[in-house]
Structures are given as structure tokens and as C-alpha cells.
Q: 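The structure is given below, and queries will be raised subsequently.
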Amino acid sequence: MKIIRSISSMKKCIKNERKKGPKIGFVPTMGYLHQGHISLAQQSVKECDVTVMSVYVNPTQFGLHEDYKKYPRDIKSDAALAKEAGVDYLFVPSDSDMYPLGFSSKVIVSNVTQMLCGASRPGHFDGVTTIVSKLFNIIEPNTVFFGQKDAQQIIVIKKMVKDLNIQLKIKALPIVRDSDGLAMSSRNAYLSKAQRLEALSLYQALQKAKELIGQGECNSAKIIASMKRLILRGKSVRIDYIAIVDAEDLSFKKHIKAKVLIAIAVFIGKVRLIDNLIIKV
Ligand code: PAF
């Protein structure tokens, strides 16, 4: 595995690879890799001839008072895990290369960025779509792999790809969970033992929703109320949102029908965690 630290070297490597005509798979990450990221890399290795993974903590997708500065970073461990997963190129660009002095462009997707995480984190998705467009332009992948945990991010990026005629396929892979159900996230590293226990309520609430829908309940407000009761048993918990939305366009659904996304964002202490479940009725 080659570690590439500049855009120009990354482009050179891709140009050389392209001459051989391979299918290029890409896994964009912010590092501090866990099994969720590794499952994406492994799928890319399975499906593609060359796999590129990026590790870049993108400053423009963090709000002013969010955790950009303390976001966990461990490039040594990331490199070892990526290599073991079969990644060919690990792209670790610098801030000055990604956002040189005078950088003044933004890629903005409207509508699907306005609700859920977009409402709680204004500007977050503008940062995501801007950096992802840059990465797509640098790597020119055939297929890009994302984790379903960031359900809204996938919908936003798919919309951008469609609207801007970007020639690539987006693949969403299932959420990877610890054995107790907690969705894997780099931010889990912030949780104390007690907070980690409270964090299990996100998964439990989603399971509760699934159970209620299975019993025939289709009133979203009732399901959400039941999920809230379960989550609010935790002492250090603050609910950011619990929403039941259309799984394609994220419009709010009063009644469950067809395919819905049940999405949760909860603060456990200062740690903001998200989780979700797609249910087809
Ligand atoms: O999902 C993430 O880790 C980030 O939002 C991404 C896609 C790597 C862009 O910075």
C-alpha cells in the first residue's frame, strides 16, 4: 500500500493506473478507522481492481463549536488497518493542499440538506459536498463506498452526483455494529463506560420502532414518543432529533408506508451520535 500525501502525486498515480484500465474503487473517510470503514474497503477490494481510501478530517464540515480540533486522529493505526484490508493507495492530503489560500468555492445541494442533520448542523453538508466533489475530481473513481450510518449524507451525495452528471456509482453498505448493537463510529472513542451504556438506547429505540411497526402501528408520532421515552431514561442524554422520513427524499411521514428511514441524533453528554434504520412496509 502506498501512502500519498499530495493531490499532484495522487493524480499521477491514478493517471498511471487508468492507463491499465482498471475499475477504481474509492472509500472516503475522516480516519480513526473502525470495522465500519474496513467493511467498505474490503467490499471495494472485492469489486474493484484498485482501491483508494482517503483520510482527511475536513474542517469545512464542522461547525464553529463542534469537535474539529479534538476529532480523533491516528494515522499510524489507520495505515496498518487500511493495508490489512487490501487498500492500494491511502490518500492523506494536507489542509493547505485541499484548501489553499484564496480557496473560495462551495458545492451546495438544496432541499435534502435542510432537515435532520442539515437542520442541526447548518453548513455541514456544504462542507461535505465540497470536499467530496474535490476528492471525486482528484481520484475519478468508478465506484464510491459509503456507510449507511450516514444515511442523509448518502442521499445528499447521490443527489449531487445525479444533478452534476458525475460519472460514478455510489454504493451504500450496511451499518456495522458492536455485538451489543452500538453503531460503530469514530466518535464512540469519546464515550466513557457509563455513557457507552447509555448510547445503547439509540439502537434499542430503533428496535422498539421496528417492533411497533411489526405489530401494525403506523402512526409516526406514537412510534417517536415511544422511542423518546426509552432514550430519555439515560441521565446524560439530550435528543437532537428523532424523525421518520421518506427513505428517498427525506420528507417527513406522519404515517408509515412504503419505505421509511427512522433517523436518530442524540447527544450523550457532549458526544453527538447518529443511527438509523430503513423499514419497508
Ligand atoms: O463520512 C465521512 O467520514 C465524511 O463526511 C466524508 C464523506 C469523508 C467527507 O469528509
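Atoms within a ligand are numbered from 1 in the order they appear, just like the ligands themselves.
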Q: Enumerate the ring-ring contact (aromatic ring centres under 6.0 Å, His included) contacts for residues 100-126, please, sequence neighbours excluded, ordered by first and then second residue.
A: Y99-F103

Q: Go through ligand 1 atom by atom and flag the ones less than 4.0 Å from a non-hydrogen atom of Q153.
A: 1 (O), 2 (C), 4 (C), 5 (O), 7 (C)

Q: Go through ligand 1 atom by atom and flag the ones less than 4.0 Å from a non-hydrogen atom of T29.
A: 8 (C)

Q: In terms of side-chain heavy atoms, does N58 have a donor or acceptor partner in Y68 at a distance below 3.5 Å?
A: no

Q: With a 3.5 Å cut-off and sequence neighbours excluded, list the donor-acceptor pairs that the side chains of residues 223-238 form with protein atoms.
A:
residue : atom : partner : partner atom : Å
S236    : OG   : E198    : OE1          : 2.6

Q: Which option wins on minimum heavy-atom distance to atom 9 (C) of ligand 1: Q61, H124, M30?
A: Q61

Q: Can you check whether F62 and Y71 have ring centres sitting under 6.0 Å from each other?
A: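 Judged by ring-centre distance (under 6.0 Å), F62 and Y71 do meet the cut-off.
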
Q: Using a 4.0 Å cut-off to any heavy atom of I131, which atoms of ligand 1 qualify?
A: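 This gives 9 (C), 10 (O) as the contact atoms.
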
